[in-house]
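To start, the structure under review is shown below, and the notes come after it.
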Amino acid sequence: MTGGAGGPEGWVSVCRIEQIRRETGVAAWVHGEAVAVFRTHDDEVHALGNHDPRTGASVLARGIVGSRGDEPFVASPLHKEPFGLRHGVCLDDPTVRTPSFEARVVDGVVEVGARRPVPAVAEVP
Amino acid sequence: MDQRQRLVVVGHGMVGHRLVQAAVERGLTATHDVVVLGEETRAAYDRVALTSYFGADGPDALSLLPGGVYDDPAVTLRLATTVTGLDRRARTVTLGDGAVLGYDQLVLATGAAPFVPPVPGHDRDGCFVYRTIDDLDAIREASLTATGGVVVGGGLLGLEAANALVQLGLRTHVVEMAPRLMPVQLDAAAGSTLVRHVEQLGVTVHAGVRTEAVEAGPDGTGVGGLRLAGAGDEPGPLVEAEVVVFSAGIRPRDQLARASGLEVAERGGVVVDEQCRTSDPRVWAVGECAAPGGRLYGLVAPGYAMAEVVVDALLGGAGRFLGADMSTKLKLLGVDVASFGDAFATTEGALELVFSDAVAGTYKKLVVTEDGTRLLGGILVGDAAAYGVLRPMVASGIALPENPEELILPAGRGAPATGVGALPDEAQVCSCNDVSKGEIVGAVRDGVTGPDGEPRRCEDVADVKRCTGAGTTCGSCVGTVTAIVEDHFASVGKEVDRSLCEHFALSRQDIFDLVVVHEYRTFDALVEAHGSGRGCDVCKPVVASVLASRFHGHVLEGATGSLQDTNDAFLANIQRNGTYSVVPRIAGGEITPEKLIVLGEVARDFGLYTKIAGGQRIDLFGARVEQLPVIWQRLVDAGFESGHAYGKSLRTVKSCVGSTWCRFGVQDSTSMAIALELRYRGLRSPHKIKGGVSGCARECAEARSKDFGVIATEKGWNLYVGGNGGATPVHARLLAGDLDDETLVRYLDRYLMYYIRTADRLQRTAPWVESLDGGLDRVRAVVVDDELGLGAELEADMADHVDAYFDEWKATLEDPEKLARFVSFVNAPDLPDPSISFDVERDQVRPRDPAAAAGPVDLGATIPVGAR
């Protein structure tokens, strides 16, 4: 289980799902960059760029995971800005965003895939 | 008139200070230079609050002008300056040092001096008056070697003085010439009720008796007692005491006026007209030295009104002083007493309603008009809760309810028919600062304009106090102000919402109570039963804190770890670049050279930035998350433990070296600080809490700026609570004095647990105390007097905490599951975060400029950032 650049469609195995406690995140090294991988209450996984857009510090994986309505988010540990786990956009200010990646669980292993295209501001829920 | 005028103010007491403030605020200094001459060495201070600050506190706490200087350059304050002469023709005043100062306008604000009855022995060593801070210091000094004290004069001030003597630990007597206490404010029945209360507190009252003489002590020096007048030729009884305080009235200091030929009233005081102008058009008089219409006013509120009138007149305004509300409401020796309006029913045809309950010790009288429709005045003893609503009813003339007696009957036998909602807008709620109900409602509804011209919102009582001044002088209207604010919110349908967030429509205290009752141990259990959704960064840490307080488990144990806020999650304080600081506990700021060397070695070996913190301990910065366990292993092996610098928890208890080393120390403050820090380490709380212990009144540990501050006295420890530094600094206030070690700890246990159980999220102890009904008195009732009977339970909670304490870093190091969090990348644990880099500044590391350390920039396309 290494961060190798192998696998179909650039999928990288990161860890077993049990290694991520529910409603927390871990930092992973994927394709040469830091990615925050989250496991929500219902065992879904999400992956965002680990760098906090405001300060650049690589810390988002360490934030508190919560929900606003039915939108799961992580609060950046530095200034508590809430980033939607599904798209990486700040729920309080749609011009602030961190990249969002494909993520899935296969046979109990969490895999991170390609970076998703950046959503236009109007598309953000 | 282009030339600047000079206004000279003689006297820098509360009223003199108010006059200068008004002059500055209203722009008088645009045309006038103001010279203020104060006789005392201190700038104006709150004389009304004199007793409440008795103890080891410095006088600075009472100061109305803490810096001793007015900001406005047109104002000059000269202290320790007496004025010995007034020449109205030359328009000059002569100062004590012989200098002569000219004036264009002169204000006499010389106040009043205590009257000392000229009985034999009145000037013996051991006799005092009760007016200035210096007087209080002298009385306190004398009380150190005294066992008994007697106050001559049972009026308002005399009872305050008696309270001071009781606090100093003296066996206290009060001697009053009139047949009852507070003869000016209370009628016979109210006076007797008060006497019964006062005597229950251990004070002996001698009413209806004259003082004959002050007798010497057994060795012929000092004071041995007060001889009361007997019947006929027989000598009266001797009240044994070593301290005598004369509080038999005040005489206006009108000597300057008399000597310069100004008109004075028959009973003293400078006669002034409705604009507070004397018989000389360029000379004014305000406060206790003035006699508007020949009448003397001994309260501060009328003095303030006079000061405002003079400034208005100097600006060409039409303000007039037409008499003042002489209402008083105070708590004397623990008894509520209030007197307002036409308390003695002197109005023709007035009727009285009286409710007197000798068993409960309450006496309440309403004076109403002949037709029973309007309230004229009243007297309340033992229970003055109705004062807030009743007093404004007198001024506003609103109609009384059908059965006015219901206003003073105990609850349950007839609920009050009018609340603050029925008060008209013009009703004056705060008489000291002349603030009406309408102004208070306006402040919360529309906000106010600050002195800088910026609009300010007023959202709660604390804001209203700041924005309008209501409740900031004598404090007796705060209950009414609170009721008005809450009433307003209710009327516009805005509930004062104490909900935590969208997930819980509950306050922190509600959550605490639910956890206690149901013994919930997980966030899931709580949110499923009483909340909705999956929580957030607001409620999760609150729940984590409550669980920690209740069950003392490891904060990273199981699911609890996922609730923790930024810092608690890694037991370290995160810094701006994602590294952390390391702060081991150094209890009381005391460390051995060997341990100091270990810290130096650890910092050197890991390249950490080293700084000494305000809490008297050492902070090490720049640790990467994966380095934290290695660093802490070194520290734990050397005998260090977590300093909890990262938590909403007890941080430190500061100390000074105290009696061990210091030539001034009166108790061993260092040992006490260490003991307290070791006792309370690990406590989780609504907000961080800090303590301090000083070995004497010089207060080198700055205990008064702490959530709990302990200051040594000769007899033990004084305990102060509710202080803090930070954005809104507050001085801690005296909760109890001269405590022995055991009692000090018992009160602290109770106080801290009471705070932890009932405060709001992120509420510091200062606003928490203010939020309680009765404020500090309430804290005292629960913690010192144990009125709620919670003492044992709170102490047991604290005992549980002490028993359950363990070092959470040591425990983390022994648990592989917890250690698994401390890794750079889950799939590349040997790769340190490449985005962290350091520069060097002053021979130590510092984070590189954050802009340069930013992560990948989102250009909307995928760009490989570097080979793995």
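Below, chain A is the first sequence line, B the second, and so on; all start at residue 1.
Atom CZ of A:Arg22 and atom CZ of B:Arg534 lie 9.5 Å apart (nearest 0.5 Å). For the atom pair CD1 (A:Ile64) and SG (B:Cys539), the distance works out to 8.5 Å, reported to the nearest 0.5 Å. Between the NE2 atom of A:His51 and the CG atom of B:Asp833 there is a distance of 6.5 Å, given to the nearest 0.5 Å. Within the model, atoms OG of B:Ser835 and CD of A:Glu33 stand 11.5 Å from one another, a figure rounded to the nearest 0.5 Å.
Among B:Asp524, B:Val538, B:Ile574, B:Asn577, the residue making the largest number of heavy-atom pairs under 4.5 Å with chain A is B:Ile574.
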Show the numbers, then the answer: is there a side chain to side chain contact (heavy atoms under 4.5 Å, CB included) between A:Leu78 and B:Thr566?
CA-CA 8 Å; A:Leu78 294 174; B:Thr566 303; 5.9 Å; no
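Contact annotation: the side chain of B:Val826 never approaches that of A:Arg16 to less than 4.5 Å [non-hydrogen atoms, C-beta and beyond].
Contacts of B:Pro829 with chain A are absent, with no heavy-atom separation under 4.5 Å from either backbone or side chain. In this structure, chain B has heavy atoms under 4.5 Å from both the backbone and the side chain of A:Ser58. Contacts of A:Arg68 with chain B are made by both backbone and side-chain atoms, with heavy-atom separations under 4.5 Å.
In this structure, B:Asn827 contributes its side chain and A:Trp29 its backbone to a donor-acceptor pair below 3.5 Å.
The residues A:Asp52 and B:Arg576 are annotated as not salt-bridged, no charged nitrogen and carboxylate oxygen being separated by less than 4.0 angstrom.
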